[in-house]
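Here's the structure we're looking at; comments come further down.
Values in this document were obtained by computation on a predicted structure and should not be read as measured data. Chain letters run A, B, ... following the sequence lines, proteins first and then strands; every chain starts at 1.
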Amino acid sequence: MEERYSPAAIEEKWQSRWAHEKSFKVTEDPNKQKYYLLEMFPYPSGRIHMGHVRNYSIGDVVGRFKRVRGFNVLHPMGWDAFGMPAENAAIQNKSHPAKWTKENIEYMRGQLKRMGLSYDWDRELATCDLSYYRWEQQIFLEMYKKGLAYKKSSFVNWCPSCETVLANEQVEDGGCWRCDTTVTQKELEQWFFRITAYAEELLQCTDNLPGWPERVLVMQRNWIGKSLGCEIDFPLEKGGAIRVFTTRQDTLFGATFMSLAPEHPLALELATAEQRAEVDAFIEKVKQTDKLKRTADDFEKEGVFTGSYCINPATGERMPIYLANFVLLDYGTGAVMAVPTHDQRDFEFARKYSLPLRVVIQPEGELLEPAAMTAAYTEPGTMINSGDFNGISSLEAKAKIADWLEKKAKGCKTVNFRLRDWGISRQRYWGNPIPFIYCDCCGTVPVPEKDLPVVLPLDVEFTGEGGSPLARLESFLKVDCPLCGKPARRETDTMDTFVESSWYFLRYCCSDFTGGPLDTEKVRYWMAVDQYIGGIEHAVLHLLYARFFTKVLRDLGYVNVDEPFTNLLTQGMVIKDGAKMSKSKGNVVDPNALIEKYGADTARLFSLFAAPPEKDLDWNDQGVDGCFRFLNRLWKLVHELLPKIQTAGAVDVAKLSDDARALRRTVHKTIRKVTADIDERFHFNTAIAAVMELVNAVHAFAAKNSPENSALMKEAIESTLLLLYPFVPHFSEELWEMAGHKGGIEAAGWPSFDAEAAADEELLIVVQVNGKLRGRITVSVDADEESVKAAAFADDKVLGHLEGKTPRKVIYVPGKLLNVVV
RNA sequence: GCCAGAGUGGCGGAAUGGUAGACGCAGUGGACUCAAAAUCCACCGGGGGCAACCUCGUGCCGGUUCGAGUCCGGCCUCUGGUACCA
């Protein structure tokens with residue numbers, strides 16, 4: 001009697017067993033080797049999407065594989081639950097962000113459970129729960145005490161019509177996404193984390209993360225952007241000075257004008273009466289320009305003369321001071337000494353406004369004439385027009401001019417980072433309240449620890465206009481000053497949601513701890529995360545912030561590691577019809593429908609089989625069919641063989657036929673390949689392909705062989721089930737049980753590899769003539785070079801290509817290839 | 001623009017510098033069936049040849065090498081990130 005493969009029933013059976021027995025609950029066990037496996041937690045947007053299915057399927061393979069191999073695996077799941085979409089939904093549907101988020105979590109948790117993922121659900125957390133965000137407030141205050149959280153003024157996107165701050169993604173073509181009004185830049189006092197204090201360490205440690213993809217490390221290094229240069233003071237004619245940062249102090253003698261960021265504090269001060277109107281208009285225009293466009297190389301360089309001058313400290317010459325749209329306030333000092341001959345942007349700017357050019361670096365064997373130049377010369381060369389520094393190379397001049405500036409007290413060598421401090425203030429409701437109070441007498445006052453947490457109130461109104469709903473809620477806003485007791489008001493900004501995701505992996509170690517943010521003993525046991533898995537889109541921001549937080553919490557005494565994630569796997573995106581799945585493109589595949597039709601095992605199998613994890617995955621509905629067919633085929637095969645498997649003993653190697661030995665070789669080669677593909681490369685697609693090949697081989701063998709090979713069939717089928725367990729756990733568990741085993745498949749461990757059984761008896765050697773394939777010969781495993789050569793030169797096909805030619809050289813790659821060069 | 005990736009049959013993909021296209025999908029032919037579905041078997045990059053086999057072929061151009069999909073240089077196209085999407 002053959003039983004049909006019905007995934008729905010099997011999956012329900014095993015999922016309820018896992019839940020009932022709490023199979024994946026873990027505690028600290030000093031006698032076992034720990035393995036902390038983590039996938040990036042999802043934003044509860046409503047339903048899981050294929051990106052989640054892929055991410056969590058990958059993680060589950062690793063988790064189950066490590067458990068079977070004897071590790072004490074921590075594999076938690078939770079919700080990145082604060083954020084803008086909840087607030088947008090509240091405005092649109094008149095629901096409450098808390099309700100919306102909670103319902104989404106309930107639904108999505110069900111979806112994840114339906115996928116059969118091996119999480120320790122007892123550790124689940126949601127960042128919008130008071131039991132999570134309250135501790136973040138405490139961390140914030142500790143950072144404030146250390147000077148790592150501070151306030152300064154900065155610019156935000158502002159819609160004057162909605163009277164609200166806009167996220168970058170809410171700005172479409174320079175206009176507000178809701179009302180299309182032109183967005184402007186508004187200056188606000190905001191909270192920052194001093195990530196730049198850790199810039200050097202964050203950079204240095206990238207050299208000590210061998211488990212991270214090199215490309216992510218490169219992106220992080222570039223993002224931090226360390227550069228060595230000088231700060232130089234340019235005296236103003238009317239007193240005072242402008243400080244610039246430059247990495248090209250070798251071009252100092254060629255600086256003919258000064259460019260300031262339009263937002264520079266000196267900009268208005270330097271504007272003379274006759275230039276004032278023009279300056280104001282220009283600043284207003286720049287405020288309305290998209291930041292991204294503004295820094296693009298092909299964006300029109302524009303500026304305005306302030307009417308004031310400063311002095312070049314090297315030449316003593318007057319330099320007109322301009323405001324320029326390509327100079328950014330938050331890089332360096334917000335002021336640039338302009339050297340049009342040796343910087344392309346300055347060159348374009350100088351040509352546009354007819355500013356003077358002076359060449360100070362000459363390329364080898366060429367004479368630069370300012371009037372004839374069509375582009376700046378940015379390469380090294382020989383110094384000219386530079387006083388005492390003439391004649392030396394510009395590279396040497398870099399060091400010498402730096403020394404000279406320091407000696408003359410006109411400037412100093414500095415290190416500059418591209419990395420800016422992390423602005424975390426959000427003028428939004430659905431986030432963690434920043435625990436501060438503003439008092440007219442006492443100023444900015446931290447909420448005392450005994451008064452924590454600041455609870456996010458629920459009785460608010462959502463209109464999408466007029467700024468943060470918190471700022472309009474009197475019961476929240478009004479508070480007595482903790483220092484003087486006089487009426488004061490609360491901070492109404494909430495934290496960037498990147499803050500929550502910067503330490504959730506630490507909280508998982510002790511998610512029910514009530515004595516503080518972290519239980520250091522448990523954190524000590526579990527950290528660091530041995531394997532982190534998530535989308536490549538987080539290569540810089542989230543991963544850099546999480547590294548920063550880990551270092552801060554280390555310095556606060558909570559954590560004993562320098563880096564949070566030992567190994568990182570960045571998965572590609574899920575694509576369909578050549579584009580990222582999105583509602584607007586109508587190319588979304590719903591995991592529910594997929595699981596309903598084929599079951600979770602097939603959904604998992606396909607998302608792992610279709611591509612290696614780090615590459616984008618192109619979704620193909622028919623490919624899913626193929627995976628489902630494979631499972632059905634194997635199901636049927638196992639059922640046909642069940643009577644043999646249930647009664648057979650161990651394989652007697654001496655009694656195997658040639659065919660049987662060959663099949664056994666395939667079994668053990670497959671064990672070796674699948675183990676390596678999972679453990680070393682995370683190439684699940686090739687691991688699955690190898691198991692498919694094995695199943696094909698068993699199929700072919702079973703069809704033509706007599707029953708005395710029962711023991712071999714048992715070994716082959718049981719190995720197949722064990723190898724497939726991490727990919728299709730319900731399927732493997734069920735068949736394992738049917739094969740007569742009690743107590744679950746994990747008890748059996750990972751199949752052991754027998755090198756002797758996998759050893760080849762003969763080898764195929766490829767013969768090339770001048771690098772082109774001309775023949776194939778089969779030799780015994782122990783054949784030496786001479787006998788391989790002899791066999792090759794006896795091969796008809798090879799001889800045909802050697803006709804009348806003398807071999808000049810013969811290259812032999814042992815056991816693989818022979819190349820005859822003629 | 002800048003930073004980082006990717007590009008291989010009709011499609012997804014495979015290939016420690018060593019047989020290009022494993023495995024799967026689609027397709028074609030056959031078996032089974034009254035018929036269809038399912039299943040099973042065979043074929044399956046282009047051109048040439050009755051065939052053995054020859055030849056071209058991994059986005060484009062060049063280089064290194066006995067040998068390049070793989071390494072190096074220069075392009076083209078697409079994707080991710082670009083600091084308030086997460």
Heavy-atom protein contacts under 4.0 Å, nucleotides 9-25 of chain B, coded B base, S sugar-phosphate only, - none: ---BSSS--BB--BBSS
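B:G62 and B:U70 are spaced 14 Å apart, taking the P atom of each and rounding to whole Å. Taking atom P on both nucleotides, B:A38 is separated from B:G29 by 15 Å, rounded to a whole Å. Going from the P atom of B:A6 to that of B:A86 covers 29 Å, rounded to whole Å. The gap from the C1' atom of B:G27 to that of B:C11 amounts to 11 Å, rounded to the nearest Å. Nucleotides B:C72 and B:G7 place their P atoms 14 Å apart, quoted to the nearest Å. B:G80 and B:G49: their P atoms are spaced 47 Å apart (whole Å). Using atom C1' as the reference point in both B:G69 and B:G13, the two lie 13 Å apart (nearest Å). Taking atom C1' on both nucleotides, B:A22 is separated from B:U58 by 16 Å, rounded to a whole Å.
Listed for the A:Asn819 side chain is no donor-acceptor partner under 3.5 Å among the backbone atoms of A:Ile811. A donor-acceptor pair under 3.5 Å links the side-chain atoms of A:Arg221 to the main chain of A:Thr206, judged by distance alone.
Look at CG on A:Asn770: it is 16 Å from C1' on B:A68, rounded to the nearest Å. Here B:A38 presents its P atom at 12 Å from OH of A:Tyr598, a figure rounded to the nearest Å. If you measure from atom CH2 of A:Trp635 to atom C1' of B:U39, you get 18 Å, rounded to the nearest angstrom. Atoms CD (A:Gln571) and P (B:G5) sit 19 Å apart, rounded to a whole Å. To the nearest angstrom, C1' of B:C84 lies 9 Å from CG of A:Leu166. Nucleotide B:C85 holds its P atom 10 Å from the OH atom of A:Tyr545, rounded to whole Å. One atom, OH of A:Tyr331, and another, P of B:U82, lie 19 Å apart when rounded to the nearest Å. Rounded to an integer number of Å, the gap from CZ of A:Phe193 to P of B:A83 is 19 Å.
The residue A:Ser425 sits close to a base: some heavy atom pair falls under 4.0 Å. Among the protein residues, A:Met40 comes within range of no part of the nucleic acid, since none of its heavy atoms lies under 4.0 Å from any strand. Residue A:Val820 is classed as having no contact, given no heavy-atom separation below 4.0 Å to the nucleic acid. When heavy atoms are screened at a 4.0 angstrom cut-off, A:Gln170 is found touching no nucleic acid atom at all. At a threshold of 4.0 angstrom between heavy atoms, the contacts of A:Gln190 include nucleobase atoms, whether or not backbone atoms are also involved. Counting non-hydrogen atoms under 4.0 angstrom, A:Gly572 reaches nothing in the nucleic acid. Across all strands shown, A:Phe498 has heavy atoms under 4.0 Å from base atoms, whether or not it also approaches the sugar-phosphate.
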Side chain to side chain contact (heavy atoms under 4.5 Å, CB included) evaluation trace for A:Arg681 with A:Thr686: CA-CA 10 Å; A:Arg681 315 197 298 166; A:Thr686 53; 3.2 Å; yes
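Relative to the ring axis of A:Phe192, A:Lys152 places its NZ or CZ within 45° and under 6.0 Å from the centre.
Pairing for B:U39 goes to B:A31, judged as Watson-Crick or G-U wobble with the two contacts each under 3.5 Å. B:G1 is paired with B:U82 under the Watson-Crick or G-U wobble criterion, all donor-acceptor distances under 3.5 Å. In this structure, B:A26 makes no Watson-Crick or G-U wobble pair, since no nucleotide meets both defining distances under 3.5 angstrom.
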Where do N or O atoms of nucleotides 46-53 of chain B meet protein N or O atoms at under 3.5 Å, pair by pair?
from: B:C53; atom 1: OP1; to: A:Lys797; atom 2: NZ; distance (Å): 3.3

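Within the 4.5 Å cutoff, side-chain heavy atoms of A:Leu541 are placed close to those of A:Trp223. Between A:Asn696 and A:Arg633, the closest side-chain pair of non-hydrogen atoms falls below 4.5 Å.
Of all the residues in residues 533-540 of chain A, A:Glu537, A:His538 reach under 4.0 Å from RNA chain B with at least one non-hydrogen atom.
Note on A:Asp795 versus A:Arg774: no salt bridge recorded, every NZ/NE/NH1/NH2 to OD/OE distance being 4.0 Å or above.
Using bins of under 30°, 30° to 60° and over 60° for the plane-to-plane angle, the ring pair A:Phe498/A:His542 lands in the parallel bin. Between A:Tyr532 and A:Phe565, the ring-plane angle classifies as parallel under the 30° and 60° cut-offs. Ring geometry, A:Trp422 versus A:Phe548: the interplanar angle exceeds 60°, so the pair is classed perpendicular (tilted spans 30 to 60°). Under the 30°/60° scheme for interplanar angles, the aromatic rings of A:Phe682 and A:Phe684 are found to stand perpendicular.
In textbook terms, a nucleotide whose glycosidic angle is within 90° of 0 is syn, and B:G9 is one such case.
Between A:Arg215 and B:G5, a side-chain N or O to OP1/OP2 separation shorter than 4.0 Å is absent. Contact annotation: A:Arg774 reaches the phosphate of B:U55 (side-chain N/O to OP1 or OP2, under 4.0 Å).
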